[in-house]
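Basis for what follows: all heavy atoms, side chains included, without hydrogens, waters or symmetry-related copies.
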Amino acid sequence: MTAALARSNVTSVNKGRIIKVDDGPKTVALVQSEIWRTGGDFTKIATAADISVSTVSNIASGETKFPRLRTIIRILGALGWDIYAQERAN
């Protein structure tokens, strides 16, 4: 987990589902399943997320095990997820 993420909560909402987003394996698995669920059009996703097609392909295939959090957020945004950050209550 990154230092910035340790200080805040990042959540994502899609069709009523709310999840905590981090750079861990559960979030990466969600991104992979969402890429394939939406048809796996790597070019369309990459263009919408402003990242390379190879990045989307590598994440979808599992070749990239630990993508950056900003990449995860960009892909989820491109796939119709809303991303929110919330400061943790101390």
Side-chain angles (χ1 to χ4, degrees):
M1 185 179 303
T2 63
L5 188 57
R7 292 188 299 270
S8 66
N9 289 327
V10 180
T11 58
S12 184
V13 180
N14 182 275
K15 299 181 184 175
R17 295 190 313 173
I18 300 174
I19 63 156
K20 181 177 178 184
V21 176
D22 59 19
D23 54 0
K26 287 183 181 180
T27 302
V28 174
L30 169 74
V31 172
Q32 289 170 329
S33 68
E34 287 296 295
I35 290 169
W36 293 112
R37 184 188 64 76
T38 60
D41 186 338
F42 299 160
T43 302
K44 184 177 177 181
I45 295 167
T47 300
D50 196 27
I51 58 177
S52 72
V53 175
S54 63
T55 296
V56 176
S57 174
N58 290 343
I59 292 170
S61 70
E63 186 174 329
T64 298
K65 304 279 186 227
F66 303 103
R68 292 187 170 130
L69 182 58
R70 69 178 169 209
T71 303
I72 291 169
I73 290 171
R74 285 180 175 190
I75 292 173
L76 288 175
L79 296 174
W81 288 72
D82 293 317
I83 310 296
Y84 300 94
Q86 180 179 356
E87 187 174 359
R88 289 185 182 170
N90 291 328

Would you give the length of the straight line joining atom CZ of Arg74 to atom OG1 of Thr55, rounded to the nearest 0.5 angstrom?
-> 10.0 Å
Side-chain heavy atoms under 4.5 angstrom apart, residues restricted to Ile, Leu, Val, Met, Phe, Trp, Tyr: same cluster for Leu76 and Phe66?
-> no
Just one of Ile72, Ile73, Leu69 clears the side-chain contact (heavy atoms from CB on, under 4.5 Å) bar with Thr27, so which one?
-> Ile72
Output the distance between atom OG (Ser33) and atom CG (Leu79), rounded to the nearest 0.5 Å.
-> 9.5 Å
Can you tell me how far the CD1 atom of Ile75 sits from the CZ atom of Phe42, to the nearest 0.5 Å?
-> 10.0 Å
Give me the one residue out of Ile59, Val56, Val28 that meets side-chain contact (heavy atoms from CB on, under 4.5 Å) with Thr64.
-> Ile59
Nearest heavy-atom pair of Thr38 and Ile35: which atoms, and what distance?
-> OG1-O, 3.0 Å
Just by modelled atom types, is the Val53 backbone N or O under 3.5 Å from a matching donor or acceptor in the Ser57 side chain?
-> no
